[in-house]
Asks: 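Quick one: the structure is below, and I'll ask about it shortly.
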Amino acid sequence: MEKRWVQAAKGNQESADLLAQQLTIDQSLAEILVQRGIDNFDKARDFFRPQMAHLHDPFLMKDMDKAVSRIDAALQNSEKILVYGDYDVDGTTSVALTYSFFSGFTKSIEYYIPDRHKEGYGISVEGIDYAAANGFKLIIALDCGIKSVEKVAYANTLGVDFIICDHHLPGDVLPDAAAVLDPKRADCNYPFKELAGCGIGFKLAQAYCQKHDLPSEKYEQYLDLVMVSIAADIVPVEGENRILAHHGLVKLNKKPCTGLKALMETSGKNKDYTLTDVVFVLAPRINAAGRMDHASQAVKMLICDEDLMAREQSSFINLQNTERKTSDQNMTAEALALIGECEILMGKKTTVVYHESWNKGVIGIVASRLIEKYYRPTVVLTASNGLLTGSARSVAGFDLYEALLACQDLLVQFGGHKFAAGLTLKPENMELFSERFENIVAATITEELLRPELGIDAAIEFSQITPKFQRIIAQMAPFGPHNLAPVFVTDNVFVAAKPQVVGIKHLKLMLKQQNSIIFEAIGFGLAEYESLLQPNAPFSVCYTVEENVWKDKRSLQLNIKAIKTNITG
């Protein structure tokens with residue numbers, strides 16, 4: 001589907017002029033910084049040199065003092081502690097961090113991950129019963145629990161206390177727990193609201209060290225786990241998240257924890273990781289454990305401190321990821337066939353598809369794949385324990401959570417955020433839900449939002465692209481939501497040699513402007529343009545500027561995101 005090219009509005013020109021002068025950088029880069037709220041020298045210094053010292057005091061988080069006091073009491077009284085977390089990357093890294101940290105203070109500690117297929121998302125009755133039956137007096141729940149009001153009340157009747165460490169939006173009533181850590185609480189004045197679940201666990205460890213005058217190394221050793229959660233959970237890479245992601249990447253590339261080191265080796269990429277590499281290489285493998293088997297396998301690897309065992313565990317998880325790939329490819333093909341064979345589905349503003357045999361652990365990936373083909377809010381459902389369970393994904397700019405909220409009387413439960421959610425409903429309500437969801441989306445979404453957007457940061461000439469220009473861009477990393485790699489547009493571009501198709505559908509190009517040097521470029525998935533790009537016929541390109549590393553040789557490369565010719569418009 002052809003994307004809309006949307007150029008960002010320019011920021012304050014005076015601020016950009018001054019910043020370009022103070023930092024001695026290209027004017028266009030200064031303008032991009034100002035667009036992103038980095039509009040003076042002090043902000044730029046903090047942005048380009050993220051400091052751990054700039055993390056907020058963890059005790060600014062509501063209930064942090066209660067959480068630390070309750071853990072102190074548990075340790076003093078030799079109570080058994082259960083670290084409980086969700087089965088995705090954020091949940092498993094959260095559990096690994098919190099379990100590993102507090103294992104340094106007590107041996108009476110275990111971890112628990114719910115079974116995706118038997119227990120479902122979040123706090124489960126089975127988990128609470130397990131804790132009570134095995135003498136656990138305290139559960140530290142991570143990346144879940146903020147809406148588990150009834151489950152926590154049930155635990156209280158069994159003499160099991162909860163500390164909730166969550167980052168999802170709370171409901172009207174908070175669970176009656178010993179402490180509820182969630183920056184999104186209406187009464188929480190913590191300055192940064194967008195931590196991942198693992199980030200909340202990190203702040204708990206930071207607070208514990210702060211109270212007991214322990215060295216920061218005690219919690220900073222887990223920065224690589226926090227960074228992986230930030231990358232995988234697609235939280236904004238700004239504020240505290242950017243500091244944590246930056247230093248987490250440094251740790252991953254210099255001295256990763258044993259489990260991540262083994263996984264890097266197993267994946268075939270063991271150095272020079274970016275946040276994007278983590279998203280596409282490490283995160284799917286960690287996720288595969290919970291999708292194909294049990295997420296405790298991922299925790300087992302992440303807490304490992306013995307090389308051989310970590311390698312065995314990472315190999316097992318890598319195998320599960322291979323199975324996951326086959327499963328999601330097959331399911332995606334089946335889902336696309338269901339849509340393609342139904343004119344009614346083809347004509348809708350939403351996609352809702354169901355098959356009773358689809359793997360519950362993979363339906364979220366399938367939903368994302370369907371959006372790549374049919375760009376619209378999507379729900380993929382499968383059968384589970386007598387109910388239908390599903391994963392929902394949205395398109396940029398449309399609040400999926402609000403649409404599901406309008407359907408909540410038809411749902412047994414749902415949770416998530418504006419771009420992704422999980423839901424459960426009774427089989428008899430599926431048709432009603434599909435109809436209601438379609439009607440709500442159709443009434444509120446614009447035609448513009450149903451066409452993917454390519455955001456452009458600045459229009460530049462090739463003459464502006466120099467090694468220094470690329471080095472400044474590299475220092476703007478780590479890239480992710482709210483701090484994406486800058487996308488440039490350049491008009492009146494020519495091919496300097498015949499375009500080459502590499503692989504099945506990628507395009508290798510040599511590009512130039514009048515009187516410019518020639519740049520190597522790669523356009524992933526753009527092979528269709530091979531015959532459209534003719535010598536002496538100008539066209540426009542959108543791209544990012546990257547450093548290409550091949551056999552230790554480094555060179556500038558343009559990564560082409562879109563092409564516009566006179567033929568394509």
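No experiment lies behind these values; they were computed from the predicted model shown.
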Asks: Considering only NZ, NE, NH1 and NH2 on the basic side and carboxylate oxygens on the acidic side, decide whether Glu194 and Lys184 come within less than 4.0 Å.
Replies: yes
Asks: If we count only N and O atoms by modelled type, under 3.5 Å, do the side chains of Glu265 and Asn270 hold a donor and an acceptor together?
Replies: no
Asks: Under 30°, 30 to 60°, or over 60°: which ring-plane class applies to Phe462 and Tyr543, parallel, tilted or perpendicular?
Replies: perpendicular
Asks: Donor-acceptor pair, distance only, cut-off 3.5 Å: does the side chain of Asp233 make one with the backbone of Val235?
Replies: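 Flag not set: sc Asp233 to bb Val235 has no pair under 3.5 Å.
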Asks: Please work out whether the ring planes of Tyr222 and Phe101 are parallel, tilted or perpendicular, with thresholds of 30° and 60°.
Replies: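 Judged by the thresholds at 30° and 60°, the geometry between Tyr222 and Phe101 is perpendicular.
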Asks: So for atom NZ, which belongs to Lys468, do other residues, nucleotides or ligands contribute more than 12 heavy atoms lying within a distance under 6.0 Å?
Replies: yes
Asks: So, does Asn241 use its side chain to make a donor-acceptor pair with the main chain of Pro236 at under 3.5 Å?
Replies: yes
Asks: If you measure from the Lys or Arg side-chain nitrogens to the Asp or Glu carboxylate oxygens, is any gap between Asp42 and Arg45 under 4.0 Å?
Replies: yes
Asks: Is it true that Arg49 and Gln475 share a donor-acceptor pair across their side chains at a distance under 3.5 Å?
Replies: yes
Asks: Between the main-chain N or O of Val362 and the side-chain N or O of Arg324, is there a donor-acceptor pair closer than 3.5 Å?
Replies: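 The answer is no, because no donor-acceptor pair under 3.5 Å joins these two groups.
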Asks: Please answer whether the main-chain N or O of Ser94 pairs with a side-chain N or O of Thr98 as donor and acceptor at a distance below 3.5 Å.
Replies: yes
Asks: Determine whether the side chains of Glu546 and Thr544 contain a donor N or O and an acceptor N or O closer than 3.5 Å.
Replies: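 Checked: Glu546/Thr544 side chains pair up, N/O donor to acceptor below 3.5 Å.
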Asks: If we ignore hydrogens and angles and just use 3.5 Å, is the side chain of Ser516 paired with the main-chain N or O of Gln513 as donor and acceptor?
Replies: yes
Asks: Looking at every heavy atom in both Ala289 and Gln320, which two are closest together, and how far apart are they?
Replies: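 Between these two residues, the closest heavy atoms are CA-OE1, 3.4 Å.
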Asks: May I ask you to check if Arg242 and Phe47 form a cation-pi contact, with NZ or CZ under 6.0 angstrom from the six-membered ring centre and within 45° of the axis?
Replies: yes
Asks: Between Ser555 and Glu520, is any side-chain donor less than 3.5 angstrom from a side-chain acceptor?
Replies: no
Asks: Strictly by modelled atom types, are Arg554 and Asn548 linked by a side-chain donor-acceptor pair under 3.5 Å?
Replies: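 Their side chains do not contain a donor-acceptor pair, so the 3.5 Å distance test is not met.
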Asks: Just by distance, do the side chain of Lys251 and the backbone of Gln221 share a donor-acceptor pair under 3.5 Å?
Replies: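 Looks like yes, one N/O pair under 3.5 Å.
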Asks: Going by atom types alone, do Ser540 and Asp491 pair a side-chain donor with an acceptor below 3.5 Å?
Replies: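 Yes, side-chain donor-acceptor contact under 3.5 Å.
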Asks: For the aromatic rings, using the six-membered ring if either is Trp, is the centroid distance between His56 and Tyr190 under 6.0 Å?
Replies: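 Yes, they do, as the ring centres are separated by less than 6.0 Å.
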Asks: Between the main-chain N or O of Val541 and the side-chain N or O of Thr490, is there a donor-acceptor pair closer than 3.5 Å?
Replies: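 No; zero donor-acceptor contacts below 3.5 Å.
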Asks: I'd like to know if the side chain of Thr93 and the backbone of Asp90 have a donor-acceptor N/O pair within less than 3.5 Å.
Replies: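 The answer is yes, because a donor-acceptor pair under 3.5 Å joins these two groups.
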Asks: Under 4.0 Å between a Lys/Arg side-chain N and an Asp/Glu carboxylate O for Glu240 and Lys203?
Replies: yes
Asks: So, does Asn253 use its side chain to make a donor-acceptor pair with the main chain of Leu249 at under 3.5 Å?
Replies: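 Looks like yes, one N/O pair under 3.5 Å.
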Asks: Tell me, please, whether Tyr273 has Lys269 positioned over its six-membered ring: NZ or CZ under 6.0 Å from the ring centre and within 45 degrees of its axis?
Replies: yes
Asks: Does a side-chain N-to-carboxylate-O contact under 4.0 Å join Glu31 and Arg36?
Replies: no
Asks: Do you see a donor-acceptor pair shorter than 3.5 Å between the side chains of His168 and Asp182?
Replies: no
Asks: Please determine whether the number of non-hydrogen atoms from other residues, nucleotides or ligands lying under 6.0 Å from atom CG of Leu23 exceeds 12.
Replies: yes
